[in-house]
Asks: 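Here it is, the structure, as structure tokens.
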2 protein chains.
Amino acid sequence: MTTIKDIAKEAGVSYTTVSNVIHGRTSRVSSQTIAQINEIIKRSGYAPNMSARSLVSNSSKVIGIINHLVPKASGGFIADPFHSAFIGAVEETLRENGYYLMLRTVEDSMDLLSFLRNWNIDGMFFTGLFEDEFFDTLSSVDVPIVLIDSYINHPNMQNVGLEDYKGGYLATKYLIENGHRNIAFASPPIRSHGVVEERLRGYRQALDEFHIPYQEQFLFQGEFDVQSDMLLSRQIAAHKEITAVFATADILAAGIIAGLHDIGLNVPNDISVVGFDDVTLCQLISPTLTTIHQDTVEKGKAAVEFMMNRLNNNRVEEHQKILPVHLIERKSVKRI
Amino acid sequence: MTTIKDIAKEAGVSYTTVSNVIHGRTSRVSSQTIAQINEIIKRSGYAPNMSARSLVSNSSKVIGIINHLVPKASGGFIADPFHSAFIGAVEETLRENGYYLMLRTVEDSMDLLSFLRNWNIDGMFFTGLFEDEFFDTLSSVDVPIVLIDSYINHPNMQNVGLEDYKGGYLATKYLIENGHRNIAFASPPIRSHGVVEERLRGYRQALDEFHIPYQEQFLFQGEFDVQSDMLLSRQIAAHKEITAVFATADILAAGIIAGLHDIGLNVPNDISVVGFDDVTLCQLISPTLTTIHQDTVEKGKAAVEFMMNRLNNNRVEEHQKILPVHLIERKSVKRI
DNA sequence: TTGTACGCGTTATCAC
DNA sequence: GTGATAACGCGTACAA
């Protein structure tokens with residue numbers, strides 16, 4: 001492997017000079033040596049040893065995307081299509097900025113702390129963080145943290161999220177305007193400071209505006225797997241008065257639609273459904289899914305931008321970036 | 001940050017001793033000191049500095065999952081559900097073995113080489129590699145490489161794949177046995193040494209066995225996006241004699257089904273469809289998709305297992321691990 | 001059973 | 001303009 005020393009030797013200079021050239025501190029190096037060194041660098045395919053840099057500079061150029069494994073569940077991480085698109089966008093933007101991405105699952109605070117120290121991690125992304133014990137650890141760490149889809153506010157962290165409230169509102173309003181009054185709200189378990197809670201607020205706001213009473217029994221909570229969705233569908237269908245469902249994620253919506261089909265109900269003729277996210281899936285199921293659109297790539301970019309600001313300026317201007325959502329009309333809602 | 005020195009100082013021993021304890025070379029350390037050192041390690045939350053280790057030991061414990069960005073396309077990487085599930089499985093298994101995962105997109109050979117040197121990467125995973133110029137670079141590198149879903153054989157690399165041939169065979173045979181004779185083969189562009197080529201071989205084998213002539217015009221190639229799928233569907237529908245489609249990926253199958261619906265054709269009544277992969281999607285679309293099942297998590301585990309064997313023993317016994325596939329019968333095929 | 005000293009590749013400080 | 005040299009945290013050969 002070519003090192004700075006090798007280059008210095010070949011050029012007949014000291015390694016300081018080589019290092020200076022590499023870092024653009026060329027003010028006091030003869031243009032001859034600069035040219036020569038650059039030539040050698042190019043020819044030899046020199047690439048800096050990041051471990052050495054990390055050791056001496058206290059910056060590793062490594063950013064972690066952390067997956068907090070709450071129970072000992074498998075896969076979770078990257079399983080849903082939104083997540084993976086997001087990670088792809090993050091990697092790309094990070095790379096453009098000279099950073100590297102590590103994926104890491106941690107089981108508890110200790111795990112996380114070890115990981116940070118192991119690699120001298122420069123920054124972290126967290127998705128869907130809630131206010132649990134784990135969060136306390138996080139807030140005491142002095143590494144830049146960008147939270148995605150979380151409603152926790154903390155001076156050391158920045159948030160990238162969506163207009164969740166508005167999304168919930170738009171979806172519900174759209175259903176109401178199409179004549180629906182008994183609208184189910186389907187979601188994963190609602191946790192405080194989470195996005196679902198906000199979407200629920202939007203749902204209630206829309207009901208309120210149209211003077212439709214909010215009913216607890218129209219709340220249905222499940223997990224993100226086909227089994228659980230089947231169950232949800234049955235529960236929803238059991239309420240004959242329900243004519244529409246707002247599901248807080250497209251995969252959930254798709255699962256519910258499949259479940260309804262399974263028990264002989266037609267969407268949208270018997271029940272209308274609106275989703276959230278606008279993943280590719282929406283255009284593949286039938287009926288195609290009316291949903292709330294979010295721009296995942298933009299989300300990834302925004303997250304990295306925040307990170308870079310923290311990393312470079314160290315001056316924090318904003319703490320929040322809320323990306324817009326809008327409704328995409330497809331075929332899963334019927335006017336009644 | 002706690003270092004080995006700090007621990008040594010606190011325990012009143014030299015750092016060699018601490019290092020020895022950490023590495024289990026306890027044979028010649030008093031059990032007292034061992035206990036004491038372990039206690040301090042636990043209490044202080046000591047985590048080794050991997051950069052320092054990497055520098056001195058020539059092993060970084062970092063494995064890369066490489067995304068070779070052929071043109072300057074975006075996202076590609078992780079976009080399809082199979083990929084993300086695979087990455088999740090790899091991360092988990094890697095972690096259990098004390099390794100770390102970096103995700104990295106590279107645009108060309110230089111990029112890759114730099115990345116390897118930057119981090120002293122211990123090993124790499126590649127998905128769907130073909131025999132292009134890029135491959136030559138790869139083969140000259142002395143880092144363990146595990147290829148996923150690739151039919152390139154190279155002494156320095158190992159392969160984890162599927163019974164692609166059998167999968168293609170099973171899917172086609174199933175269609176034939178259900179009375180179909182004019183069966184389209186839909187896939188992304190067929191490249192030599194790729195999985196699609198093998199699945200096509202299986203397709204042809206099944207046709208052969210039933211004395212059905214193979215027809216070039218029944219081959220349809222597209223990309224993995226909804227637009228392209230719509231086009232494909234139209235092309236397929238234009239051949240009135242075609243009664244069934246074997247698509248080499250579920251997302252493609254789903255896209256085609258959506259496209260067929262769009263032009264007023266019903267699946268499976270007008271056209272039957274069989275997919276490949278058995279991703280969650282299959283159960284969400286309607287009709288639910290009959291497909292060839294593969295075990296993605298097992299694939300991830302197998303890949304890591306290969307990697308670990310290379311990394312530890314350095315003795316290479318097998319070069320190939322082929323995971324089984326089988327057909328899952330759902331509702332997208334009609335007996336005619 | 002424990003300690004000393006060196007080197008890994010890099011950066012930064014200070015001197016020439 | 002350029003060059004020595006210490007330091008980052010760790011592993012290891014060798015010495016005691």
Asks: Mind running a 4.0 Å heavy-atom check of residues 9-19 of chain B against DNA chain D and sending the residues that fall below it, in number order?
Replies: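 Residues of residues 9-19 of chain B that come under 4.0 Å of DNA chain D are, in numerical order, Thr16(B), Ser19(B).
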Asks: Nearest-Å distance, CG (Asn120(B)) to P (dT10(C))?
Replies: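 Checked: the CG to P distance equals 11 Å.
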Asks: Roughly, in whole Å, what's the span from CG in Asn20(B) to C1' in dT12(D)?
Replies: 9 Å
Asks: If I take atom CG in residue Asp6(B) and atom P in nucleotide dC8(D), what distance separates them, rounded to the nearest angstrom?
Replies: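 Going from CG in Asp6(B) over to P in dC8(D) covers 11 Å.
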Asks: Are any of the side-chain heavy atoms of Phe134(A) and Ser109(A) separated by less than 4.5 Å?
Replies: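 Yes. Closest side-chain heavy atoms under 4.5 Å.
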Asks: Please report how far the helix from dT1(C)-dA16(D) to dC16(C)-dG1(D) bends, comparing the axis fitted to its first five pairs with the axis fitted to its last five, to the nearest 10 degrees.
Replies: 40°
Asks: Would you say the side chain of Val62(A) lies within less than 4.5 Å of the side chain of Trp119(B), judging by non-hydrogen atoms?
Replies: yes
Asks: Once you measure the plane-to-plane angle for Tyr100(A) and Phe115(B), does it fall in the parallel (<30°), tilted (30-60°) or perpendicular (>60°) bin?
Replies: parallel
Asks: Carefully, step by step, assess Ser60(B) and Ser54(B) under the rule side-chain hydrogen bond (donor to acceptor under 3.5 Å, both in side chains).
Replies: CA-CA 4 Å; Ser60(B) 62; Ser54(B) 170; 5.0 Å; no
Asks: Below 4.5 Å, heavy atoms only, C-beta onward: do Asn156(A) and Asp142(A) meet side chain to side chain?
Replies: no
Asks: For Thr127(B) and Asp149(B), which I'm curious about, is there any donor-acceptor pair between the side chains at under 3.5 Å?
Replies: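 Distance-only check fails for Thr127(B) and Asp149(B).
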Asks: Mapping Leu55(A) and Thr33(A) onto DNA chain D by nearest heavy atom, which one lands closer to the 5' end?
Replies: Thr33(A)
Asks: With no hydrogens and no angle check, just 3.5 Å: does a side-chain donor-acceptor pair link Gln158(B) and Asn309(B)?
Replies: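 The criterion, which ignores hydrogens and geometry beyond distance, is not satisfied for Asn309(B) and Gln158(B).
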Asks: Provide, to the nearest angstrom, the distance between the CD1 atom belonging to Ile4(B) and the C1' atom belonging to dT4(C).
Replies: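 That distance rounds to 15 Å.
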Asks: Check the distance between dG1(D)'s P and Ile37(A)'s CD1 and give it to me in whole angstrom.
Replies: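 Distance, rounded to whole Å: 14 Å.
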Asks: In whole Å, I'd like the distance from the NZ atom of Lys5(A) to the C1' atom of dC8(C).
Replies: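 Result: 8 Å.
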Asks: Name every residue in residues 43-54 of chain B that has at least one heavy atom under 4.0 Å from any atom of DNA chain D, in order of residue number, or write none if there are no such residues.
Replies: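 Here the set is Tyr46(B), Pro48(B), Asn49(B), Ala52(B), Arg53(B).
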Asks: Do the two ring centres, one from His68(A) and one from Phe126(A), sit under 6.0 Å apart?
Replies: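 They do not qualify: ring centres at least 6.0 Å apart.
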Asks: So does Arg95(B) pair up with Glu107(A), basic N to acidic O under 4.0 Å?
Replies: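 So Arg95(B) pairs with Glu107(A) through a salt bridge.
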Asks: Indicate whether the side chain of Thr105(A) and that of Glu91(B) have a donor and an acceptor atom separated by less than 3.5 Å.
Replies: yes
Asks: Send over the distance from Gln32(B) CD to dT1(C) P, rounded to a whole Å.
Replies: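 After rounding, the gap between these two atoms is 12 Å.
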Asks: Do Arg43(B) and Glu10(B) pass the side-chain contact (heavy atoms from CB on, under 4.5 Å) test, and can you show the C-alpha distance, the side-chain angles, and the key distance before you say yes or no?
Replies: CA-CA 12 Å; Arg43(B) 177 159 44 75; Glu10(B) 188 172 341; 2.9 Å; yes
Asks: Nearest whole angstrom, please: distance from the C1' of dG9(D) to the CD1 of Ile7(B).
Replies: 12 Å
